[in-house]
S.K.: 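For reference, the structure I am asking about is given below.
Note: hydrogens, waters and symmetry copies are ignored here, and every other heavy atom, side chains too, is used. Only a predicted model underlies this, so the values are computations on that prediction, with no experimental measurement involved.
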2 protein chains.
Amino acid sequence: MSILSAAADVLRCFSSTRHDVTVTDLVTLLGMPKSNASRLLRAMRDEGLLETVGDSKRYRPAVLLCRVGQFYRFAASLVDRSDAVVRRISDAVGHTGYISVRRGAEVMGVTAHSGRHALRVVTTIGDGLPAFASSTGRALLARLSDDEVRALYPNGLVPPSVTAPQHIDDLLARLALTRREGYAESDDEAVRGVHAVSVAVGDPETGDEVALCISFPAAIVEPAERLAIIRSLGEGAAEIAALTQDKRFYPLNLSIAETAP
Amino acid sequence: MSILSAAADVLRCFSSTRHDVTVTDLVTLLGMPKSNASRLLRAMRDEGLLETVGDSKRYRPAVLLCRVGQFYRFAASLVDRSDAVVRRISDAVGHTGYISVRRGAEVMGVTAHSGRHALRVVTTIGDGLPAFASSTGRALLARLSDDEVRALYPNGLVPPSVTAPQHIDDLLARLALTRREGYAESDDEAVRGVHAVSVAVGDPETGDEVALCISFPAAIVEPAERLAIIRSLGEGAAEIAALTQDKRFYPLNLSIAETAP
DNA sequence: AACTTGAGTTCCATTTTTTGGAACACTTTC
DNA sequence: GAAAGTGTTCCAAAAAATGGAACTCAAGTT
């Protein structure tokens, strides 16, 4: 096994709750021998992948990674464009907005803009979430065919809450609705009291796909505001879809019932 | 030489003008054999460090790096706090703001907020700049002793423009001024027509130091606005310095001449 | 249709790293 | 000052990386 995979494992140890690691952390988290952990961290520091915090024994990601991470957004210019849209909406409505990408059956936040309200949703960037049980995930899954979705879940679903889809068929029904209406919605699924609406858009040129999401406390948002948010998201995404000539984009199609409050 | 250093070299190939690389790019940029380049890129992709663009032969940084890069900002919470201050000021005045860190004799941007004005400064994040010839760099260098600064430049300066410090003594004089006034300023140094003001702040806990900078076209900013920007930066940084108990912080000390327009 | 060029991949024996157990050092804590 | 916790160094065995050359594949070009 190459040292590269060990290094990648180290990077995966970082999370929203673990901003730096020590030799012992690696031993417990990855089960590697102390000697390897010690040398690996030092090597990664020497190569500029990690840096030590002050002159302690704690290691954290180095500027190089911060820098390269930024380039990801530009390389995937879809991310950058979508981020601009979400940020604009987030600023306008004061609720938290973020964009996510799907990797297999997981979705993870790539950028986030915190809301201004006293009661706001705080997203943890970089931590993976089950795609089927989040609005961002379903917005992205809706771009796949039913067969492709089934193939993603050979062993069925393990729903994290009662409001999440409970079976594959349940999920497929919700994806069908998402395609019809052009947006996905979640309520109380991953986090209690949190409501989220998402739309997805892709770039056929690069094969990238992202979900744009606005997330807010269910309690403080009126039906009219919710609709306005959905509309902003849909319009922003539609512009991007036009730009990238995304053929699989599902445009907003608010049903009569919803548009007349 | 470890494969890790080769991998780090690959990451260093990315820049604001190169968002993805190919096997041949590595051959020319790093002078490595084609076979190695091919295997290295594949290995890095398999480990989740890179991803291919669509299904082409182009490789770009993967989400993992984007994710870990974000954590850098939180690990170095000084960066995050300073970024919030700069963003607030940037939003308020409409000019580009960014925060930078120093690594040896170079400074590089870590986060940036683009201005709103038609004529705005566009910063390239992640590309290194000579510290002595930029306001961010001098704000950071001012935190060192004269001896430490001299040690950074054993072979003297290579000024990139006539407005940059031309000799070590020239630089030290400007650093002395920076310490006295609490901010650094550059005009026409790295980029023609661009003016920048910076203040630096550190966190003794972690040893981190960052520069907060607002950058604008010299032509369109009145003396009063410039002063207001300097004041905002100084105050924002002072709050952070108080929080981190930064002993080396140089508070704002606008001379009489400047405060009375 | 055959030829050339450019880009990327695979093969293989040789060289170089990596591995992990154990001994060693250094700090805290009791 | 012993004990526990944490990180570093050493070593021979095991595994991975190296680079030259042969190979594949796709686009042009004659």
Side-chain angles (χ1 to χ4, degrees), chain A residues 1-15 17-62 64-65 75 204-208, chain B residues 1-15 17-62 64-65 71 75-76 204-208:
Chain A
M1 211 194 289
S2 154
I3 196 177
L4 211 53
S5 82
D9 287 341
V10 170
L11 296 186
R12 267 183 274 271
C13 285
F14 294 107
S15 72
T17 56
R18 187 186 307 278
H19 293 156
D20 47 37
V21 299
T22 62
V23 169
T24 341
D25 287 342
L26 290 195
V27 172
T28 48
L29 288 171
L30 302 176
M32 59 168 51
K34 257 197 316 183
S35 48
N36 286 5
S38 171
R39 278 176 306 211
L40 179 57
L41 286 177
R42 184 144 30 96
M44 289 179 75
R45 170 170 58 74
D46 291 346
E47 299 302 343
L49 298 173
L50 301 179
E51 49 190 43
T52 42
V53 180
D55 51 0
S56 72
K57 302 284 169 65
R58 314 194 67 79
Y59 290 81
R60 70 179 182 204
L64 172 62
L65 294 181
E205 184 80 19
T206 59
D208 295 328
Chain B
M1 211 193 285
S2 155
I3 196 177
L4 210 54
S5 82
D9 286 341
V10 170
L11 296 186
R12 265 182 276 271
C13 285
F14 294 107
S15 71
T17 56
R18 188 188 307 279
H19 294 156
D20 46 37
V21 299
T22 62
V23 170
T24 342
D25 285 343
L26 290 195
V27 173
T28 49
L29 287 170
L30 303 176
M32 58 168 52
K34 255 200 317 185
S35 49
N36 286 6
S38 173
R39 279 176 305 212
L40 179 56
L41 286 177
R42 185 145 28 97
M44 288 179 75
R45 170 171 58 75
D46 291 345
E47 298 303 344
L49 298 173
L50 301 180
E51 51 191 41
T52 44
V53 179
D55 52 0
S56 72
K57 301 284 169 63
R58 315 194 65 79
Y59 291 81
R60 69 179 183 203
L64 172 62
L65 294 183
F71 291 142
E205 185 80 21
T206 59
D208 295 327

S.K.: If you take atom types as modelled and just measure distance, does the side chain of K34(A) reach the base of dG7(D) with a donor-acceptor pair under 3.5 Å?
M.R.: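 In this structure, the two groups form a donor-acceptor pair.
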
S.K.: Examine dG20(C): is either OP1 or OP2 under 4.0 Å from a nitrogen or oxygen in the side chain of S35(A)? Give yes or no.
M.R.: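 For dG20(C), neither OP1 nor OP2 has a side-chain N or O of S35(A) closer than 4.0 Å.
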
S.K.: Does this structure show an ion pair linking R45(A) with E51(A), if we count only N-O contacts that are shorter than 4.0 Å?
M.R.: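 Looking at E51(A) together with R45(A), the answer is no, because their closest N to O distance does not fall below 4.0 Å.
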
S.K.: Any heavy-atom pair between the side chains of V10(A) and M44(A) that's under 4.5 Å?
M.R.: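 Of all side-chain heavy-atom pairs linking V10(A) with M44(A), at least one is under 4.5 Å.
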
S.K.: Once you round it to whole Å, what is the distance between P of dC10(D) and CG of N36(A)?
M.R.: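 After rounding, the gap between these two atoms is 16 Å.
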
S.K.: Could you check how far NZ of K57(A) sits from C1' of dG5(D), rounded to whole Å?
M.R.: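 Going from K57(A) (NZ) to dG5(D) (C1'), I get 12 Å.
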
S.K.: Report yes if at least one side-chain N or O of S2(A) is closer than 4.0 Å to OP1 or OP2 of dA17(D); otherwise report no.
M.R.: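 So the side-chain polar atoms of S2(A) do come within 4.0 Å of the phosphate oxygens OP1 or OP2 of dA17(D), strictly under.
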
S.K.: With respect to the side chain of T22(B), which nucleotide from dT6(D), dT10(C), dG8(C) is positioned closest?
M.R.: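 It is dG8(C).
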
S.K.: Of R39(B) and V23(B), whose closest DNA chain C nucleotide lies nearer the 5' terminus?
M.R.: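 Its nucleotide being nearer the 5' end, the pick is V23(B).
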
S.K.: Without decimals, in angstroms, what is the distance between D9(B) CG and dA17(D) P?
M.R.: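 Between P of dA17(D) and CG of D9(B): 16 Å.
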
S.K.: Got D46(B) and L4(A) here, is their nearest side-chain heavy-atom distance under 4.5 Å?
M.R.: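 In short, these two side chains do not touch, never coming nearer than 4.5 Å.
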
S.K.: How long is the line joining CG of L4(A) and C1' of dA17(D), in whole Å?
M.R.: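 Rounded to whole Å, this separation is 12 Å.
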
